[in-house]
Amino acid sequence: MQLISMQSEPLVKEKSWDKSFEPPLYQTWKEDRLYSFDRDSDKPLFSIDTPPPYVNTPVHIGQTTTYVLMDMFARFHRMTGHNIIFPLGLDRNGLPIEMAAEKKFKVRLNNTEREKFLEMCRTVLEESSATSTDSFLRCGIAFSSWKFGPEVGDAYMTDSPEYRAVTQATFIDMWNNGLIYESERTNNYCPGCRTTLADAEVDYIDIPTKFYDLAFKVKETGEEIIIATTRPELLGSCAMVIYNPADARYKKLAGKHAIVPLFNKEVPIKEHPIADIEKGSGLVMMCSFGDLSDIRFFREMNLAPIYSIGVDGRLNENAGPGAGLPVKKGREAIVAALQEKRLIRAAKDIMHRTPICERSKDPIEFIAMKEFYAKQLDQRDRMMKMADDLNFFAPESRKILIDWINSLSIDWPISRRRYYATEVPLWYCRKCEEPYVPPKGKYYRPWKERPPVKACPKCGHTEFIGEARVFDTWFDSSITALYILGYGRDDEFFIKHQQCTVRPQGKEIVRTWLYYTLLKCYLLTRKQIFRDAWINYHIVDNTGNKMSKSVGNVIDPQKILDQFGAEPFRLWAATEGNLTQQDFRCSNDRIIAAGKSLNKLWNVAKYVSMFQRPAERPKKLSPLDQWILNEIHGIAMESRVGFENYDFHNPSIRLRHFLWDTFASHYVELSKNRAYNSAGNFTKEEQESALWTLHECLNIFLRVMAPITPFITSKLYEEIYGADVHAESFPEPSGEEKFEVPFLTSELEEMNSAIWKAKKDKGLSLKDEVTFASIHEKFKIIKHDLVHAHTIRKLEFGEFKLDLPATPAPKAEH
RNA sequence: GGGCCUGUAGUCGAAUGGUUAAGACGUCACCCUGACACGGUGAAGACUCGGAGUUCGAUUCUCCGCGGGCCCACCA
């Protein structure tokens with residue numbers, strides 16, 4: 001027989017995978033045209049509306065994990081023939097930046113000149129933006145571009161002039177379509193800092209306060225009723241007295257009126273479920289505004305609010321004896337007045353959970369201010385329809401959006417009295433006060449610029465006052481999907497691609513980012529902006545707790561990358577759990593464990609690369625080879641279906657099992673003799689069949705794994721097949737034949753295990769021979785491989801039975 | 001306090017209205033067998049949070065309780 005040498009030094013030289021292989025690869029990818037967006041491609045578009053991270057702190061491990069998963073979406077779809085928009089975006093507007101600037105320069109927004117303050121924000125941004133993208137780069141994220149610019153596919157920042165111009169353009173459109181109006185609303189207000197606060201700047205603490213029982217009179221009967229309150233200074237704002245419908249004590253008061261003490265004002269008494277029978281006397285005076293529940297109540301009851309606190313944080317003329325005093329002093333004055341008239345029946349010391357200013361620690365007041373609103377309540381049905389039509393991954397997350405839509409009670413307040421954000425693009429005529437809206441397309445700063453008109457279109461006056469307010473950051477970030485598709489900058493492109501494929505985001509911002517994006521994009525385009533929504537849970541620390549700076553359990557992705565490199569981290573991210581269904585923990589041990597699979601792949605590839613790949617597929621494939629080809633084709637198909645549904649978790653577990661068990665332990669072991677064929681036990685055709693199959697399996701496996709582990713697959717594919725795996729196509733389900741194989745994979749594995757176990761039980765080495773074996777007839781067709789793999793002297797078919805040679809006595813057990 | 005989600009071996013996690021509930025990490029034993037000791041072959045380890053119900057049968061469906069997560073509200 002002619003012996004053929006098809007074996008040589010492995011093409012893969014290094015002993016194992018090493019993280020030092022990564023930097024040259026990601027540097028290449030950064031510049032590679034393969035990943036850049038091709039505007040004129042006629043491939044179908046796959047666009048990912050990446051969540052732009054805030055740059056005031058470096059990205060954390062949770063963000064890097066979700067970006068790694070998004071990168072898998074992008075890489076997979078690129079291999080299935082899509083043109084990809086996978087943009088790098090940075091969110092740089094708003095409160096977090098301002099707070100960082102205030103801290104760094106030890107200033108307050110409200111006592112710093114606007115221009116100077118913005119300069120401070122920019123300084124903070126300069127310092128922080130660079131470190132944020134480095135983790136992404138090191139993770140192997142293949143963004144469409146790393147260069148910041150105005151073109152579709154370019155990296156963007158939400159505070160760039162072109163982004164802000166688009167934000168303003170959306171406002172101008174909405175304004176012109178009558179979707180914006182101005183109305184009075186209640187704000188958090190800090191009397192100490194003399195500024196409105198965002199909810200994020202409000203803390204809650206328990207502070208001691210007095211709970212006063214005040215004596216009211218019932219107008220119709222003259223009887224005295226007791227109302228308990230911690231806010232007697234708001235008596236003048238009392239507009240109604242309520243009790244719980246289930247409270248028998250007060251049924252008799254229905255329809256009657258209460259006389260407010262000191263003010264001698266008459267207010268209705270009504271039933272309302274928000275009154276708690278157990279609290280105080282069970283009777284509640286409803287004022288504008290003691291707290292946010294009052295606000296909601298006034299809105300619901302359609303009551304005209306009476307404001308007792310002004311923008312200066314002092315009580316006003318509506319507060320009677322407290323007028324002109326700061327809140328605290330005013331309360332004392334009113335209490336004194338009540339005491340004098342003997343209207344306080346009791347005063348109890350209680351601990352009261354009070355909203356305070358995060359920085360000055362002053363109690364928050366709620367005061368009314370005029371703000372802009374975007375209409376949303378009349379879109380509720382439309383929003384419900386979209387919630388229904390949108391594909392949610394996982395489907396359970398749809399409920400979050402539906403619940404939110406159902407709970408909407410007010411329109412969307414979009415203006416803020418802040419600085420580092422997109423300016424509301426309006427001017428007002430100094431004479432007739434008519435608002436002037438500029439044309440779309442430019443970035444406007446009305447607080448420091450003249451409007452782009454000479455004179456007021458209404459009265460002809462030439463002096464204007466620029467609007468000082470800015471937008472809520474959600475007004476900016478709710479257009480990322482439009483922005484990345486070129487809306488307002490490349491309308492030719494946008495007209496062809498009006499729907500973004502997928503929105504990946506955290507579940508905690510469904511009610512904000514997802515909702516506002518759907519709403520705003522609908523108002524502007526009358527279309528549903530997303531096809532899919534991929535909603536993720538969180539990465540928690542290794543004990544299952546949420547990471548937070550104050551607890552000090554935050555895991556820095558840079559450290560993970562320094563220690564392990566990106567590839568084990570990526571494989572871990574795919575394998576560890578399904579992030580659309582629950583949180584998962586970040587632990588070094590498990591990332592290290594994932595790394596072991598890389599080494600396994602490395603060595604399998606090294607083994608396969610020792611053999612020459614036959615130039616053509618052999619006409620006749622050995623039965624064992626047909627079996628493993630069925631397996632790899634099946635798993636490639638399953639992976640494809642999984643990946644298309646954003647599931648990398650289940651496929652990666654199946655792939656790992658294929659690699660370690662099915663392929664390495666069973667196929668490679670059984671086919672090894674045939675592949676080497678050093679003793680000439682097999683024909684040339686049989687050997688070639690093995691070699692071709694080994695390569696076919698490895699080749700497909702590398703292509704399937706490429707989206708998950710781009711580094712190792714790239715390096716192996718390049719070294720063995722001389723091509724860029726990421727430019728290859730994902731294994732196709734069609735065209736792969738299905739072979740008839742008489743045994744199941746599990747049956748084969750069990751049979752092998754039974755032989756291995758028998759040898760082991762006898763204290764034999766696995767290469768020791770089996771003197772006689774009887775196995776099921778279904779394995780007859782792979783007889784030759786089995787005989788050589790297990791070193792079987794005599795093989796028959798029938799009931800399972802093994803005869804092993806006499807062995808040295810088993811080692812004594814202790 | 002309200003709504004939604006969730007609870008499987010020490011840890012992480014699959015699966016199913018029905019024979020002994022995957023797999024991984026960790027643990028233990030033996031083995032350096034022509035790619036891999038970051039390996040191989042085995043072993044031990046879970047009455048699927050507690051209780052009740054539906055069912056011939058529940059880990060899987062329903063209800064209650066307990067624990068965790070997210071969002072909302074924060075109590076006159």
Side-chain angles (χ1 to χ4, degrees), chain A residues 7 10 12 15-17 204 211-212 227-231 234 238 241-242 274-276 278-287 290-294 296-297 352-355 394 396-404 406-407 506-512 535 537-538 540 542-546 568 572 575-578 581-585 587 589-611 649-650 653-654 656-657 660-661 664-665 668-669 672-673 675-676 678 752-753 756-757 759-761 763-768 791 810-811 813-814:
Chain A
Q7 182 198 344
V12 178
K15 191 164 160 47
S16 59
W17 173 251
Y204 288 89
F211 198 29
Y212 298 99
I227 291 176
T229 183
T230 55
R231 306 292 305 267
L234 297 176
C238 177
V241 168
I242 59 167
I274 66 164
D276 184 340
E278 305 298 320
K279 283 260 162 62
S281 65
L283 287 168
V284 188
M285 65 172 196
M286 299 309 294
C287 305
D291 57 58
L292 292 166
S293 70
D294 292 350
R296 186 165 261 190
F297 180 85
H352 188 226
R353 193 159 159 75
T354 310
E396 295 78 25
S397 299
R398 170 177 287 116
K399 198 93 174 67
I400 304 171
L401 180 60
I402 290 176
D403 286 351
W404 176 248
N406 280 329
S407 70
K507 69 172 330 188
E508 77 285 0
I509 50 174
V510 166
R511 60 165 207 95
T512 48
I535 309 295
Y537 280 61
H538 298 282
V540 292
N542 59 7
T543 56
N545 290 310
K546 188 177 168 174
W572 166 83
T575 319
E576 186 68 4
N578 184 344
Q581 278 166 346
Q582 56 217 115
D583 291 348
F584 61 74
R585 302 183 185 189
S587 105
D589 288 349
R590 302 188 66 79
I591 294 173
I592 292 167
K596 292 211 257 179
S597 288
L598 299 177
N599 202 44
K600 190 71 180 176
L601 174 58
W602 188 264
N603 280 292
V604 164
K606 192 167 156 189
Y607 168 73
V608 173
S609 77
M610 291 194 310
F611 301 106
H649 173 236
N650 290 300
I653 287 174
R654 299 270 291 114
R656 179 177 62 193
H657 181 254
W660 285 83
D661 299 308
S665 293
V668 168
E669 292 307 327
K672 202 173 247 179
N673 277 281
Y676 281 109
S678 45
N752 285 330
S753 289
W756 287 326
K757 184 166 166 28
K759 285 184 178 178
K760 182 183 169 56
D761 287 348
L764 293 168
S765 149
L766 294 182
K767 62 181 178 183
D768 284 337
T791 332
K811 289 187 182 165
E813 289 183 34
H814 311 286

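A, B, ... follow the sequence lines: proteins, then strands. Residue 1 opens every chain. Just so it is clear, the model here is predicted, and its values are computed rather than measured. Because only heavy atoms are used, hydrogens play no part in the values below, and waters and symmetry mates are left out as well, while side chains stay in.
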(message) At less than 3.5 Å, do the side-chain atoms of Ser665(A) and the base atoms of G40(B) form a donor-acceptor pair?
(response) no
(message) Which nucleotide, if any, forms a Watson-Crick or G-U wobble pair with G26(B), using both distances under 3.5 Å?
(response) none
(message) If we ignore hydrogens and angles and just use 3.5 Å, is the side chain of Lys606(A) paired with the main-chain N or O of Pro10(A) as donor and acceptor?
(response) no
(message) Of the options C38(B), A22(B), C30(B), whose atoms approach the side-chain atoms of Asn599(A) most closely?
(response) C38(B)
(request) For residues Ser16(A) and Asn599(A), report the shortest heavy-atom separation together with the two atoms involved. (result) CB-OD1, 2.8 Å
(request) Check whether any side-chain nitrogen or oxygen of His649(A) sits under 4.0 Å from OP1 or OP2 of A14(B), and answer yes or no. (result) yes
(message) Set out, in order, the CA-CA distance, both residues' side-chain angles and the distance that settles side-chain contact (heavy atoms from CB on, under 4.5 Å) for Lys760(A) and Trp756(A), then state yes or no.
(response) CA-CA 6 Å; Lys760(A) 182 183 169 56; Trp756(A) 287 326; over 6 Å; no
(message) Just to be sure I understand the rule, does Trp660(A) reach a base, reach only the sugar-phosphate, or reach nothing, if contact means heavy atoms closer than 4.0 Å?
(response) sugar-phosphate
(request) Take the protein atom CG of Asp761(A) and the nucleotide atom P of A29(B), then report the distance between them rounded to whole Å. (result) 17 Å
(message) Starting the side chain at C-beta, find the nucleotide from A76(B), C71(B), G39(B) nearest to Glu508(A).
(response) C71(B)
(request) Once you apply the 3.5 Å cut-off to both distances, tell me the Watson-Crick or G-U wobble partner of U48(B), or none. (result) none
(message) Roughly how many Å apart are U16(B) and C74(B), using the C1' atom of each and rounding to a whole number?
(response) 44 Å
(message) Using whole Å, what does the distance between atom P of nucleotide A24(B) and atom CD1 of Ile592(A) come to?
(response) 18 Å
(message) For a quick test of reading the model: is some side-chain N or O of Arg585(A) closer than 4.0 Å to OP1 or OP2 of C12(B)?
(response) yes
(request) Just call it for Arg656(A): base, sugar-phosphate, or nothing, with non-hydrogen atoms closer than 4.0 Å on any strand. (result) sugar-phosphate
(message) Applying a 4.0 Å non-hydrogen cut-off, can you work out what Asn578(A) is touching in the nucleic acid: base, sugar-phosphate, or nothing?
(response) sugar-phosphate
(request) Would you indicate, yes or no, if G26(B) has its OP1 or OP2 atom less than 4.0 angstrom from a side-chain nitrogen or oxygen of Lys596(A)? (result) yes
(message) Using whole Å, what does the distance between atom P of nucleotide G34(B) and atom CE of Met610(A) come to?
(response) 11 Å
(request) If G34(B) has a Watson-Crick or G-U wobble mate with both distances under 3.5 Å, name it; if not, just say none. (result) none
(request) Would you mind classifying the nucleic acid contact of Val608(A) as base, sugar-phosphate or nothing, using non-hydrogen atoms under 4.0 angstrom? (result) nothing
(request) State, to 0.1 Å, how close Glu669(A) and Ser665(A) come at their nearest heavy-atom pair, and which atoms those are. (result) CG-O, 2.8 Å
(message) Distance check, P atoms only: G53(B) and G69(B), in whole angstrom units.
(response) 32 Å
(request) When you get a sec, tell me which of A24(B), G34(B), A76(B) is the closest nucleotide to the side chain of Arg590(A)? (result) A24(B)
(request) Name the nucleic acid region contacted by Arg511(A), choosing base, sugar-phosphate or nothing; use a 4.0 angstrom heavy-atom cut-off, strictly under. (result) sugar-phosphate
(request) State, to 0.1 Å, how close Lys507(A) and Tyr537(A) come at their nearest heavy-atom pair, and which atoms those are. (result) NZ-OH, 2.7 Å
(message) Rounding to an integer number of Å, can you tell me how far Asp589(A) CG sits from A24(B) P?
(response) 17 Å
(request) Please measure how far the C1' atom in A22(B) lies from the corresponding atom in A46(B), and state the result in whole Å. (result) 13 Å
(request) By nearest nucleotide on RNA chain B, pick out whichever of Ala228(A) and His657(A) is the more 5' one. (result) His657(A)
(request) Look at the side-chain N and O atoms of Ser753(A) and state whether any lies under 4.0 Å from the OP1 or OP2 oxygen of G42(B). (result) yes
(request) Let me have a per-nucleotide readout for nucleotides 2-10 of chain B, 5' to 3', with B, S or -, counting only protein heavy atoms under 4.0 Å. (result) -SSS-----
(request) Would you indicate what Ala605(A) reaches in the nucleic acid, counting non-hydrogen atoms under 4.0 angstrom: base, sugar-phosphate, or nothing? (result) nothing
(request) With the side chain of Asn673(A) defined as its heavy atoms from C-beta on, choose the nearest nucleotide among G34(B), G40(B), A76(B). (result) G34(B)
(message) Checking base pairs now: Watson-Crick or wobble, both atom distances under 3.5 Å. What partners G53(B)?
(response) C61(B)
(message) For the C1' atoms, the ones on A35(B) and on A24(B), what distance do you get once it is rounded to whole angstrom?
(response) 22 Å
(request) Would you give the length of the straight line joining atom CD of Glu576(A) to atom CD1 of Ile591(A), rounded to the nearest 0.5 angstrom? (result) 8.5 Å
(request) Measure from the side-chain heavy atoms of Asn650(A) and tell me the nearest of A35(B), A14(B), U41(B). (result) A14(B)
(message) Please report the distance separating the C1' of C31(B) from the corresponding atom of U48(B), rounded so that it comes out in whole Å.
(response) 35 Å
(message) For a quick check of understanding: with a heavy-atom distance under 4.0 Å over all strands, which category does Ser16(A) fall into, base, sugar-phosphate or nothing?
(response) base
(message) Pairing check on G67(B): which nucleotide meets the Watson-Crick or G-U wobble criteria with it, both distances under 3.5 Å?
(response) U6(B)
(request) Grab the NZ-P distance between Lys757(A) and G42(B) for me, whole Å please. (result) 8 Å
(message) Without decimals, in angstroms, what is the distance between Ile242(A) CD1 and C75(B) C1'?
(response) 11 Å
(message) Before you tell me yes or no, could you show the steps for Tyr607(A) and Val668(A) under side-chain contact (heavy atoms from CB on, under 4.5 Å), namely the whole-Å CA-CA distance, both residues' side-chain angles and the distance that decides it to 0.1 Å?
(response) CA-CA 9 Å; Tyr607(A) 168 73; Val668(A) 168; 3.6 Å; yes
(request) Determine the Euclidean distance between corresponding P atoms of C32(B) and U41(B); express it in Å to zero decimal places. (result) 15 Å
(message) Is any side-chain heavy atom of Thr791(A) closer than 4.5 Å to one of Asp768(A)?
(response) no
(request) Pick base, sugar-phosphate or nothing for Lys15(A), based on heavy-atom distances below 4.0 Å to the nucleic acid. (result) sugar-phosphate
(message) Please report the distance separating the C1' of A21(B) from the corresponding atom of A58(B), rounded so that it comes out in whole Å.
(response) 13 Å
(request) Find the distance Phe211(A):CZ to A76(B):P and express it as a whole number of Å. (result) 5 Å
(message) Working note: Arg585(A) + Arg590(A), criterion side-chain contact (heavy atoms from CB on, under 4.5 Å); need CA distance, chi angles, decisive distance, verdict.
(response) CA-CA 9 Å; Arg585(A) 302 183 185 189; Arg590(A) 302 188 66 79; over 6 Å; no
(request) Take atom NE2 of His538(A) and atom C1' of C70(B), then tell me their distance rounded to the nearest Å. (result) 7 Å
(request) Determine the interatomic distance between C1' on G42(B) and the same-named atom on C61(B); round to the nearest Å. (result) 39 Å
